[in-house]
Amino acid sequence: MAVEQTLILAKPDAVERSLAGEILARFERRGLKLRAARFVQASREVGETHYAEHKEKPFFGELVEFITSGPTLAFVLEGEGAIATCRKTIGATNPADAEAGSLRGDFALAMPDNLVHGSDSPASAEREIGIWFPDGLA
């Protein structure tokens, strides 16, 4: 399996509920390596760019409002099969469908407050890391 990097966002609801550290710890306990982290209040431009693939969908505005509503902990993880491992750890997008033991299954109640974002492919990870870490990972 290939070593990959992925972007994870502990969204404003996770930060508000003091769950950002637990979210990061779960990934580290899986064996993934933290390569970069930054605590950021996302601008509207960052939110719109991050969710650009949903621009024509009726919930686009709600996504942007939510991600810009408070501070987010953005971090990059690295490891073999990191993207699939993170997606499994995060759980289903809708917390009502997320398995117990996943982050959303254990800590989230309803949309859109689903605590965490994880890149869904190597191409998305590269694009999203560039959005949230425009100056690189160093």
Side-chain angles (χ1 to χ4, degrees):
M1 201 170 255
V3 173
E4 300 172 323
Q5 288 187 339
T6 189
L7 177 80
I8 302 295
L9 302 176
K11 295 179 182 180
D13 57 330
V15 173
E16 173 68 26
R17 293 177 54 202
S18 300
L19 292 171
E22 174 64 25
I23 289 168
L24 175 57
R26 290 254 188 125
F27 293 118
E28 289 183 313
R29 287 194 297 262
R30 297 284 315 251
L32 295 161
K33 302 291 183 200
L34 180 64
R35 291 297 177 224
R38 79 187 275 243
F39 196 59
V40 61
Q41 174 74 44
S43 67
R44 183 156 194 85
E45 180 184 357
V46 166
E48 289 177 352
T49 303
H50 179 79
Y51 288 118
E53 67 194 59
H54 301 298
K55 190 170 182 91
E56 300 305 319
K57 297 179 182 164
F59 54 84
F60 175 73
E62 184 178 17
L63 291 174
V64 174
E65 289 300 317
F66 176 59
I67 201 66
T68 61
S69 68
T72 294
L73 178 64
F75 53 98
V76 177
L77 297 173
E78 183 177 275
E80 287 191 34
I83 294 168
T85 297
C86 287
R87 301 283 294 176
K88 181 73 172 173
T89 302
I90 291 167
T93 301
N94 186 338
D97 299 329
E99 294 180 26
S102 69
L103 288 165
R104 289 178 178 149
D106 288 353
F107 300 119
L109 291 175
M111 296 292 290
D113 299 0
N114 64 1
L115 299 176
V116 62
H117 165 83
S119 302
D120 63 6
S121 70
S124 290
E126 183 176 351
R127 183 183 79 81
E128 293 170 354
I129 290 168
I131 294 166
W132 291 87
F133 293 87
D135 297 327
L137 303 181

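What you see below is based on every heavy atom in this structure, not just the backbone, and it leaves out hydrogens, waters and symmetry mates. Index from 1, following the sequence.
Applying the salt bridge (Lys or Arg N to Asp or Glu O under 4.0 Å) rule to pairs touching residues 5-18 yields nothing, sequence neighbours excluded. Applying the salt bridge (Lys or Arg N to Asp or Glu O under 4.0 Å) definition to pairs two or more places apart or across chains, those involving residues 104-116 are Arg26-Asp106. For the salt bridge (Lys or Arg N to Asp or Glu O under 4.0 Å) condition, the pairs that include at least one residue of residues 69-78, sequence neighbours left out, are Arg35-Glu78.
Judged purely by atom type and a 3.5 angstrom limit, Arg44 has no side-chain atom pairing as donor or acceptor with the backbone of Val64. The closest donor-acceptor contact from the side chain of Arg38 to the backbone of Phe133 lies at 3.5 Å or more, if one exists at all. At least one donor-acceptor pair under 3.5 Å links the side chain of Asn114 to the backbone N or O of Thr93. At distances below 3.5 Å, not a single donor-acceptor pair connects side-chain atoms of Thr85 with backbone N or O atoms of Ala82.
With rounding to the nearest 0.5 Å, the separation of CZ in Phe107 from CG in Leu115 is 8.5 Å. For the atom pair CZ of Phe59 and OH of Tyr51, the computed distance is 10.0 Å after rounding to the nearest 0.5 Å. In this structure, CD1 in Ile23 is found 11.5 Å from SG in Cys86, a value given to the nearest 0.5 Å. Atom CZ of residue Phe60 and atom NZ of residue Lys55 lie 4.5 Å apart, to the nearest 0.5 angstrom.
Note on Val76: it does not cluster hydrophobically with Ile90, by side-chain heavy-atom contacts below 4.5 Å among ILVMFWY residues. Criterion: ILVMFWY side-chain heavy atoms under 4.5 Å apart, direct or through other members. Under it, Ile67 and Val40 are part of a common hydrophobic cluster. Under the 4.5 Å side-chain heavy-atom criterion for grouping Ile, Leu, Val, Met, Phe, Trp and Tyr, Leu73 is connected to Leu34 within one hydrophobic cluster. In terms of hydrophobic clustering, with Ile, Leu, Val, Met, Phe, Trp and Tyr side chains grouped at heavy-atom distances under 4.5 Å, Met111 and Leu63 are assigned to different clusters. Cluster annotation: Val15 and Leu24 are assigned to the same hydrophobic cluster (Ile/Leu/Val/Met/Phe/Trp/Tyr, side-chain heavy-atom contacts under 4.5 Å, transitive).
The existence of a salt bridge linking Glu22 and Arg29 is confirmed by a sub-4.0 Å separation between a basic side-chain nitrogen and an acidic carboxylate oxygen.
For Phe39, there are no ring-ring contact (aromatic ring centres under 6.0 Å, His included) partners, not counting sequence neighbours. Take Glu128 and apply the side-chain contact (heavy atoms from CB on, under 4.5 Å) test, not counting sequence neighbours, and it matches Leu7, His50, His117, Ser119, Ser124. Remark: Lys88 engages Glu99 in a side-chain contact (heavy atoms from CB on, under 4.5 Å) (not counting sequence neighbours).
Residue Glu45 places its CD atom among 12 or fewer non-hydrogen atoms of other residues, nucleotides or ligands, all under 6.0 Å distant.
Within the 4.5 Å cutoff, the side chain of Pro122 has heavy atoms near those of the Ile83 side chain. In this structure, the side chains of Val116 and Leu9 stay at 4.5 Å or more apart for every pair of heavy atoms.
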